[in-house]
Amino acid sequence: MMIAHPGNEVRVLVRSRPTANFAQELIEYLPDGQTVSVHQRKDSRKGVVNNQLSSWSFRLDGVLHDVSQEEVYGRVGRGVVLGALEGYNGTVMCFGQTGAGKTYTMTGATENYKQRGIIPRALQEVFHEVEQRSDHAFSVHLSFLEIYNETLVDLLASVRGCPGVGPGGMAVVEEAGGGVSVRGLSLHPVHSEEEALNLLFEGEMNRIIGAHALNKNSSRSHCILTVHIESRSRTLSDAKYVTSKLNLVDLAGSERLGKTGSEGQVLKEAMYINKSLSFLEQAILALADRRRDHVPFRQTKLTHALKDSLGGNCNTVLVANIYGEASQIEETLSTLRFASRMKCVQMDPVVNEHTDPVLQVRKLEKEIQLLKQELSIHNTLANRMGMSYDTLSETQVAEIQSQVRRYLEGSLDEINIVSIRQIQEVFAQFKQAVQQQEQKVKAQLCQNYTLVEKAQSTAGSTAAKSQGSQGTVGVVEGHGFGVGLAVPSDRHIQLLSPGRTKAIKTKELASQGRKEAVEGRSPGPGKQVESVNPVQRDREGREHDPQSQEPQGPQEPLRTDSPPPKAEAFEDFKAERGSEINRILKENKVVLLERRARLRELTECVNAAKREIDSTSTALHQWRDKRQSQGQFVSAEGVPVLDEAELSLTLRLRELKTQYRQQYEELRGTKAEVSYCQHLVDQCRTRLLTEFESWYNESFLLPEEVQALLRSGGPIRPGLVPAYKALALEEDEQEHFERLRYELLADSPSAISFYNAQNRTVQRRNYSKAMSQTPVQKTTPRGSGRTKLPAILSVI
Ligand code: ADP
Ligand code: MG
């Protein structure tokens with residue numbers, strides 16, 4: 001038994017028609033039973049007269065010489081037939097010159113049972129197998145197609161009950177899934193070998209009658225008898241079933257055109273035949289070339305109709321019929337050449353498996369029913385009553401929605417899990433809640449931000465000016481910033497905070513103010529005077545706003561590509577978003593400066609008192625020394641007494657010391673206050689800067705950038721942090737070092753050299769010109785050891 005196995009090549013066998021004049025000297029069958037050698041005498045007509053022989057050798061899958069029809073069926077047909085019963089498409093096809101025995105091979109001698117050909121034997125085998133394979137239900141249909149001069153003819157159209165061809169005529173049509181069918185070709189159900197044979201003979205008869213009627217030679221047409229098989233397993237209640245097509249093809253004679261000097265009808269037939277055979281060859285060769293993904297099946301009706309049954313995923317066996325007489329040697333050679341080319345085609349047969357949708361649904365419904373029963377048993381065992389696994393009702397969905405809402409609000413601690421459907425609905429409700437929240441936030445953002453659409457590029461500044469002149473709410477000047485919206489290339493959508501409108505106005509004033517400060521006032525101590533009333537200055541700045549809404553003179557062009565410089569943005573921020581914290585900062589600074597001034601005053605008083613104490617004390621000592629050298633001054637009773645000058649000095653000294661102590665106490669209190677205020681100022685400043693930084697990032701940096709920065713976990717942007725720190729330093733450097741100096745001097749006078757060194761470094765860096773004065777006085781009390789008074793503090 002020969003079943004084509006996956007990965008095989010198309011099988012090609014040679015069959016020679018028996019003849020008394022077999023050209024033994026020209027055609028040689030080698031003992032391997034597979035090889036045919038052809039020796040051809042050089043054609044004397046072409047001028048070669050030396051009777052030289054040329055030889056060709058063709059190695060095929062088998063040589064059928066003098067073999068019975070039964071053996072031919074066994075070696076050619078059986079494998080393909082059995083494959084078809086398994087679900088593989090298959091084709092048995094005979095080709096060769098007219099009279100070479102193609103019809104004999106396929107159909108055989110209809111009048112002689114023994115000499116019946118492959119088709120009746122195949123039909124017999126099909127029904128024999130159908131009977132044998134009782135575990136499967138088969139349904140078999142027959143169709144019989146003739147292709148004559150590219151016209152499709154239904155050879156079974158005459159059968160009773162045949163629906164006849166529709167209005168569109170017959171045509172090869174492609175089906176979903178890669179198959180083909182012939183529209184209008186009748187399909188006849190057959191239940192037995194006999195029924196099938198009846199149809200075969202009917203078709204053969206029609207072929208002959210048609211040939212007579214149209215004055216055509218029946219060997220000039222291609223004939224395809226197709227057995228359509230469908231099988232379903234009886235044992236498995238499976239929705240799957242397999243189908244196959246078994247094509248038994250008797251091709252038209254392949255003899256070449258030039259030989260007979262054909263003309264008229266014959267010429268036309270020959271042309272069509274040649275064309276279809278040549279396309280058949282092309283199609284089969286294209287199948288052989290695995291690199292080609294297109295096979296030209298549609299070029300002729302023949303190849304198109306055989307599209308799903310040639311090579312590829314089907315079993316294909318070809319019989320090359322030759323007529324072994326010397327006079328036919330050229331046709332024989334041509335047939336053998338064609339045969340050997342066909343041998344290259346690879347087959348990779350695949351079962352045509354389908355799923356019956358109706359059965360599949362029925363099967364799944366059954367399975368669901370079973371699983372529901374299983375579930376209910378499990379629920380009973382687990383004491384869970386009244387469970388339902390059907391789609392949730394509207395009430396149930398509403399209940400879940402309310403649960404989720406209460407859970408989100410915090411009034412419900414947990415949501416009990418009941419079923420998969422319920423879990424899915426809970427998630428769906430969460431999703432809905434998130435989406436609603438998103439909408440809300442978006443709506444809020446839209447309220448807080450004005451959506452401004454304007455032309456980008458060079459038109460930017462002009463557009464801004466004209467917008468500015470409208471003076472309406474939401475009209476924006478200053479730095480635009482993209483928010484990553486997908487917009488047409490020539491347009492740009494900007495989201496600007498309404499605050500920015502004013503903020504950018506005040507920016508000019510603020511920068512002007514800074515300029516004045518730099519030009520007109522000396523930094524350092526002078527800065528105290530300057531910064532005494534920053535709040536007021538800021539207020540003044542705001543009061544100017546309404547006027548500055550009007551465009552006056554050239555304005556800074558709108559920038560849409562990069563964020564504004566940090567220093568400017570910081571000014572804007574202080575005027576707007578950060579105004580409250582900035583105001584507190586400024587107020588704290590004012591208090592701090594006031595306290596510091598008091599501290600300075602007190603320090604001066606204390607120092608002055610100390611100096612006076614020192615000088616008084618020195619004077620007293622000098623007086624006493626002088627007195628001692630002059631002898632003791634005693635009273636009339638002989639008691640030593642103080643003279644008037646000494647008494648006055650002593651009293652003065654006591655008074656001074658009392659004053660000193662009082663002032664010193666106050667100084668300590670004020671110092672604590674300064675330190676406290678300083679702490680507050682520091683806190684405010686940190687908050688201001690932090691809030692500014694996040695505001696700046698939110699407002700100006702692109703989302704990806706922010707994301708990247710957040711991911712890195714590092715500072716906001718390497719280049720930016722120093723910028724704002726410098727900004728902070730620039731403004732508050734002096735305060736910082738002042739504080740440092742106080743701390744150092746108060747806690748450890750020996751730290752003065754450290755302080756001085758640091759101060760010099762700062763001077764070199766030019767961070768603060770104010771510090772260049774280096775106002776430290778090393779005041780050491782004279783006559784130390786005599787007094788327990790603390791060290792004198794320096795006056796700034
Ligand atoms: P084709 O269909 O190729 O034109 P046929 O099958 O009609 O050729 O064969 C032509 C003649 O040769 C027929 O009379 C047929 O009976 C006979 N014939 C062909 N092959 C054989 C064979 N193997 N054994 C006996 N007779 C044959
Ligand atoms: Mg024939």
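First listed ligand is number 1; within each ligand, the first listed atom is number 1. Side chains are part of it too, since the values below use all heavy atoms of this structure and drop only hydrogens, waters and symmetry mates.
Separating the CZ atom in Phe58 from the OG atom in Ser37 is a distance of 8.5 Å, to the nearest 0.5 Å. Rounded to the nearest 0.5 Å, atoms SG (Cys314) and CG (Leu306) are 9.5 Å apart. Of the inter-residue distances, the one linking Leu248 atom CG with Ile224 atom CD1 reads 10.0 Å to the nearest 0.5 angstrom. Rounded to the nearest 0.5 Å, atoms OG (Ser143) and CG (Leu155) are 10.0 Å apart. Of the inter-residue distances, the one linking Arg232 atom CZ with Thr243 atom OG1 reads 10.0 Å to the nearest 0.5 angstrom. Rounding to the nearest 0.5 Å gives a distance of 5.0 Å between CE of Met170 and CG of Leu145.
Under 2.8 Å from the Mg ion (ligand 2) lies no N/O/S atom of Thr98, from backbone or side chain alike.
Residue contacts with ligand 1: Gln115 is excluded, as none of its non-hydrogen atoms falls under 4.0 Å. Using a 4.0 angstrom heavy-atom cutoff, Met106 does not count as in contact with ligand 1. Heavy-atom separations between Gly96 and ligand 1 are all 4.0 Å or longer. Heavy atoms of Asn321 come nearer than 4.0 angstrom to ligand 1 in no pair at all.
For atom 1 (P) of ligand 1, the nearest non-hydrogen atom from the set Ala109, Gly99, Pro18 comes from Gly99.
Shown are Gln69, Glu70, Gln124; of these, the side-chain hydrogen bond (donor to acceptor under 3.5 Å, both in side chains) with Arg116 is made only by Gln124.
Every atom of ligand 1 with a heavy atom of Thr98 under 4.0 Å away is listed here by number and element: 4 (O). The contact set between ligand 1 and Gln97, taken as ligand atoms under 4.0 Å from a residue heavy atom, comprises 3 (O).
Because its NZ or CZ atom is not both nearer than 6.0 Å to the ring centre of Phe338 and within 45° of the ring axis, Arg341 does not count as a cation-pi partner of that residue.
The shortest N or O to N or O distance between Lys102 and ligand 1 is below 3.5 Å. Between Thr103 and ligand 1, at least one pair of N/O atoms sits closer than 3.5 Å. The shortest N/O to N/O separation between Tyr104 and ligand 1 falls below 3.5 Å.
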